[in-house]
Student: 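Here it is, the structure in full.
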Amino acid sequence: MTILTLENVQKHFGAQAVLRGASLRIAAGEKVGMVGRNGGGKTTLLRLIEGLDQPDWGVVQIPPGIRIAHVTQRPEFPAGTTVRQWVESGLDDLHATMRELDEVNHATSEASGEALERLMKRHDVLSERIDHLGGWDTGRRVETVLSGIGLSEALWDREARTLSGGEKSRTALARELIAGSDLLLLDEPTNHLDLEGIEWLEAFLHALKSAVLVVSHDRRLLSRAVDSIVELERGELARYPGNYERYVELKAERYQAELRAWEQQQDFLRKEEQFIRQHMGSQRTAEAKGRQKKLESVVRLARPFHDVRKPVIRAPKADRAGEMVLEARDLSGGYGTKSVFSRASFRIARGERIGIVGRNGAGKTTLLRILAGRAQPLGGELDFGHRAACGYHDQDTSALSDDATPFVTMRRAWPQLSDQEIRDHLAKFLFRGDEVDAEIRTLSGGERARLCLARLVLSNPSWLALDEPTNHLDLAARTALEEMLGEFQGALVVVSHDREFLDGLCTVILEVDGGEVRRFEGNYSTWRAAQLSASDDAKSASRAAAVAAKPAHKGVQKPAAKSEEPKKTSTPGKVRNPWAFEKLEQRIITLEAELKTLQDALATEAVWRDAQKLKDTQMRTAEVERDLAEANQEWENWG
């Protein structure tokens with residue numbers, strides 16, 4: 001069933017055509033990722049689907065009864081409404097359906113004949129609707145989503161209006177995730193999530209029965225959570241089956257095929273025109289006229305478009321310094337007098353590639369700012385190596401003056417450069433023409449980020465400290481940044497939620513968690529696999545301890561010796577069966593082992609480069625996670 005149809009949608013803002021004829025169909029349950037350059041019209045397209053704006057031409061068609069959900073960019077909450085209450089309000093449709101089902105169940109007890117048959121059909125429809133909306137265990141669903149996206153339990157009963165901007169966005173996202181819409185629209189949903197939250201969202205979207213259209217620059221999410229990619233380019237949509245890696249391959253193949261076809265036609269047209277010129281007015285005039293007539297009816301192929309524009313970011317020259325960049329000894333940091341981490345000791349050597357990871361609020365940015373000399377530690381010592389000079393990138397681009405322009409910004413920092421040198425440098429970062437003289441307050445987040453990078457590369461640091469450098473950058477700009485950092489000769493310390501970015505660049509991970517800073521050798525995927533393995537081991541040890549204690553305080557007897565008759569102990573309303581309990585334990589252990597194997601497989605190149613294998617592995621992972629959750633619930637409720 002098609003739940004969304006776009007036909008030749010066009011939208012203009014003044015003289016600028018943002019959408020030039022976009023067409024798209026989304027069926028029930030499809031997971032679609034949308035990519036495109038910043039400012040290309042992705043958010044405009046979502047607004048048209050949401051009904052917040054109208055197209056200048058074309059059709060946006062949504063069948064009656066189809067519910068579209070979206071997360072507002074600046075959510076507002078009623079006074080007195082807590083986080084839990086706001087999220088639970090997303091279940092209003094589910095609760096109404098449950099109430100109607102109760103009424104139908106009551107009515108069937110007194111109905112007969114055709115009336116009973118109608119009620120039974122309605123019962124099936126309502127039951128199916130409840131299943132689509134998320135099932136019966138609504139309380140657990142709310143808590144699972146709140147925890148999954150990184151909202152701590154301490155915030156659940158807090159008034160939603162008092163939250164920070166990121167917490168408000170996560171609260172709004174949680175409400176729409178549990179609402180059970182037919183089509184969920186998401187615009188950069190990972191912006192305010194930590195790494196664990198992003199991974200949880202991937203699994204949630206994959207298992208979600210609703211259709212999803214997600215705009216994202218997170219390549220790993222686009223590889224794991226969607227089954228097709230639509231690219232918005234030059235105001236039109238092109239659809240590619242498979243995940244992000246498959247999209248990259250298919251796009252290259254499509255361009256090469258279209259280019260060959262265009263070149264072949266151009267070669268044919270040149271030969272025909274040459275023949276016509278040579279033989280018109282000669283003995284072969286009739287043939288030349290025939291060819292000319294045929295040539296006039298040929299449908300000319302447009303030269304295929306291949307947007308190769310991306311920032312040309314050259315690695316800054318790293319001044320030669322000592323082998324040690326810095327050394328931290330018993331370092332503590334926090335806000336005011338509140339410490340978020342303490343007793344951190346580590347060294348950073350020249351040329352090391354270090355990624356800082358951890359939950360939101362754990363202190364990642366605080367640590368980076370202290371290392372970069374932008375903030376003072378609460379305690380401990382920080383020694384810098386010989387001639388260590390830091391190039392710092394701030395995620396909020398606060399160092400830019402809103403009343404300045406890109407040209408003025410560069411002129412203030414490097415007055416020795418000529419006007420043409422400044423313009424040439426800015427052009428490498430896609431600032432051209434009037435954009436060079438636009439006020440910074442009018443720039444988008446991506447443009448501000450590019451301007452900060454333009455300033456950064458003209459300095460000569462011995463090492464770089466980058467706080468979320470890929471924020472607001474489109475995929476082309478992210479690729480250019482990664483290439484630059486790969487060439488940089490100095491040390492790199494980066495805070496990032498982009499897992500592909502961390503995997504491609506970093507060989508050391510600093511984990512900030514629970515007030516501690518721990519060093520791990522390896523990239524993000526290696527660190528994450530070790531973390532999951534440790535978590536699984538801890539759960540198994542905890543369960544083993546609980547099993548050992550359970551018979552003593554719950555009255556479950558161990559199996560009798562072979563020479564004795566087995567004894568069964570029961571409590572009111574429940575039969576105790578130690579053999580079944582042991583079987584359940586073994587099933588949980590087996591499922592945990594399979595889940596770990598699947599999770600490890602998802603991190604391997606052999607899987608994520610094969611679209612079908614990735615999809616099969618993701619589907620099996622979701623099935624095992626569901627079975628494991630059910631088994632754990634049964635274990636916890638064992639009498």
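These figures come from a predicted structure and were not determined experimentally.
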Student: Let me see the working for Asp187 and Leu46 under side-chain contact (heavy atoms from CB on, under 4.5 Å), right down to the final yes or no.
Tutor: CA-CA 8 Å; Asp187 192 356; Leu46 292 185; 3.8 Å; yes
Student: Taking all non-hydrogen atoms of both residues into account, name the closest pair between Tyr335 and Gly361 and its distance.
Tutor: OH-O, 4.2 Å
Student: If you round to the nearest 0.5 Å, how far is CG of Asp467 from OG1 of Thr365?
Tutor: 3.5 Å
Student: When you measure from the side chain of Asp513 to the backbone N and O of Arg359, does any donor-acceptor pair fall under 3.5 Å?
Tutor: no
Student: Does the side chain of Glu521 come within less than 4.5 Å of Ile509's, by heavy atoms?
Tutor: no
Student: Would you say Lys31's side chain and Gly29's backbone share a donor-acceptor pair under 3.5 angstrom?
Tutor: yes
Student: To the nearest 0.5 angstrom, please state how far the NE2 atom of His192 sits from the CZ atom of Arg170.
Tutor: 8.5 Å
Student: Would you confirm whether Ser223, through its side chain, and Arg219, through its main-chain N or O, come within 3.5 Å as a donor-acceptor pair?
Tutor: yes
Student: Could you tell me the separation between the CG atom of Leu443 and the CG atom of Leu400, rounded to the nearest 0.5 Å?
Tutor: 8.5 Å
Student: Can you list the steps and then say if Leu371 with Trp463 is a side-chain contact (heavy atoms from CB on, under 4.5 Å)?
Tutor: CA-CA 11 Å; Leu371 299 181; Trp463 68 287; 4.2 Å; yes
Student: Backbone N or O of Leu193 within a donor-acceptor pair of the His497 side chain at under 3.5 Å?
Tutor: yes
Student: Would you say that Val212 contacts Leu183 through its side chain, given a criterion of any heavy-atom pair below 4.5 Å between the two side chains?
Tutor: no
Student: Any side-chain donor-acceptor pair under 3.5 Å between Arg343 and Ser332?
Tutor: no
Student: Does the side chain of Thr43 reach to within under 4.5 Å of the side chain of Val215, using non-hydrogen atoms?
Tutor: no
Student: List the atom of Phe501, the atom of Pro469, and the distance in Å for their closest heavy-atom pair.
Tutor: CZ-CG, 3.9 Å
Student: Just by distance, do the side chain of Lys42 and the backbone of Leu232 share a donor-acceptor pair under 3.5 Å?
Tutor: no
Student: For Val495 and Leu466, what are the C-alpha separation, side-chain angles and deciding distance, and is it a side-chain contact (heavy atoms from CB on, under 4.5 Å)?
Tutor: CA-CA 6 Å; Val495 173; Leu466 309 179; over 6 Å; no
Student: For a 4.5 angstrom cut-off between non-hydrogen side-chain atoms, does Arg353 reach Val494?
Tutor: no
Student: Are the side chain of His217 and the backbone of Leu473 linked by a donor-acceptor contact shorter than 3.5 Å?
Tutor: yes
Student: If the threshold is 4.0 Å, N to carboxylate O, is there a salt bridge linking Glu500 and Arg220?
Tutor: yes
Student: Measuring only between side-chain heavy atoms, which start at C-beta, is Tyr247 closer than 4.5 Å to Leu222?
Tutor: no
Student: List the atom of Gly334, the atom of Leu378, and the distance in Å for their closest heavy-atom pair.
Tutor: N-CD1, 3.6 Å
Student: Report yes or no: do Thr162 and Arg158 form a side-chain donor-acceptor pair below 3.5 Å?
Tutor: yes
Student: Once rounded to the nearest 0.5 Å, what's the spacing between atom CG of Asn191 and atom OG of Ser169?
Tutor: 8.5 Å
Student: Are Glu199 and Arg528 within salt-bridge range, i.e. N to O under 4.0 Å?
Tutor: yes
Student: Within the side chain of Glu594, is there an N or O that forms a donor-acceptor pair under 3.5 Å with the backbone of Leu591?
Tutor: no
Student: Are Glu327 and Arg329 close enough for a salt bridge, meaning some N to O gap below 4.0 Å?
Tutor: yes
Student: Classify the side-chain pair Ser525/Asp503 by whether it contains a donor and acceptor separated by less than 3.5 Å.
Tutor: yes
Student: Is any side-chain heavy atom of Ile62 closer than 4.5 Å to a side-chain heavy atom of Ile3?
Tutor: no
Student: Does the pair Asp93/Arg67 count as a salt bridge with the N-to-O cut at 4.0 Å?
Tutor: no
Student: Does any N or O in the side chain of Ser444 come within less than 3.5 Å of the main-chain N or O of Glu447, such that one atom is a donor and the other an acceptor?
Tutor: yes
Student: Surrounding CD of Gln376 (heavy atoms of other residues, nucleotides or ligands, distance under 6.0 Å), is the total greater than 12?
Tutor: no
Student: So, Thr82 versus Glu159: side-chain donor-acceptor pair below 3.5 Å or not?
Tutor: no
Student: Do Thr526 and Asn523 meet the criterion of a side-chain donor-acceptor pair at a distance under 3.5 Å?
Tutor: yes
Student: Looking at every heavy atom in both Phe341 and Ile370, which two are closest together, and how far apart are they?
Tutor: CZ-CD1, 4.1 Å
Student: As a quick check of understanding, evaluate side-chain contact (heavy atoms from CB on, under 4.5 Å) for Leu177 and Val71, giving each step before the final call.
Tutor: CA-CA 9 Å; Leu177 289 179; Val71 182; over 6 Å; no
Student: Give a yes or no on whether a salt bridge exists between Arg448 and Glu439, defined as a side-chain N under 4.0 angstrom from a carboxylate O.
Tutor: no
Student: Between Thr366 and Gly333, which heavy-atom pair has the shortest distance, and what is it?
Tutor: CG2-C, 4.1 Å
Student: Distance-only, no hydrogens or angles: does the Ser210 side chain make a donor-acceptor pair with backbone N or O of Ser181 under 3.5 Å?
Tutor: yes
Student: Before accepting this row, confirm whether a basic side-chain N of the pair Asp218/Arg499 lies closer than 4.0 Å to the acidic partner's carboxylate O.
Tutor: yes
Student: Can you tell me how far the OG atom of Ser342 sits from the CG atom of Asp330, to the nearest 0.5 Å?
Tutor: 9.0 Å
Student: Indicate yes or no: does Arg374 engage Asp394 in a salt bridge with an N to O separation below 4.0 Å.
Tutor: no
Student: How close do Asp498 and Ser496 get, counting heavy atoms only, and between which atoms?
Tutor: N-OG, 3.0 Å
Student: Once you round to the nearest 0.5 Å, how far does CG of Leu155 lie from OG1 of Thr171?
Tutor: 7.5 Å
Student: Check whether any side-chain N or O of Arg519 sits under 3.5 Å from a backbone N or O of Arg347 as a donor-acceptor pair, and report yes or no.
Tutor: yes
Student: Answer yes or no: is there a side-chain heavy-atom contact under 4.5 Å between Thr507 and Glu352?
Tutor: no
Student: Please determine if Glu143 and Arg84 form a salt bridge, counting it only when a charged side-chain N lies under 4.0 Å from a carboxylate O.
Tutor: yes
Student: By the definition side chain to side chain contact (heavy atoms under 4.5 Å, CB included), identify the one residue from Leu485, Ile354, Leu481 that meets it with Leu505.
Tutor: Leu485
Student: Is there side-chain contact between Val145 and Val87, with at least one heavy-atom pair below 4.5 Å?
Tutor: no
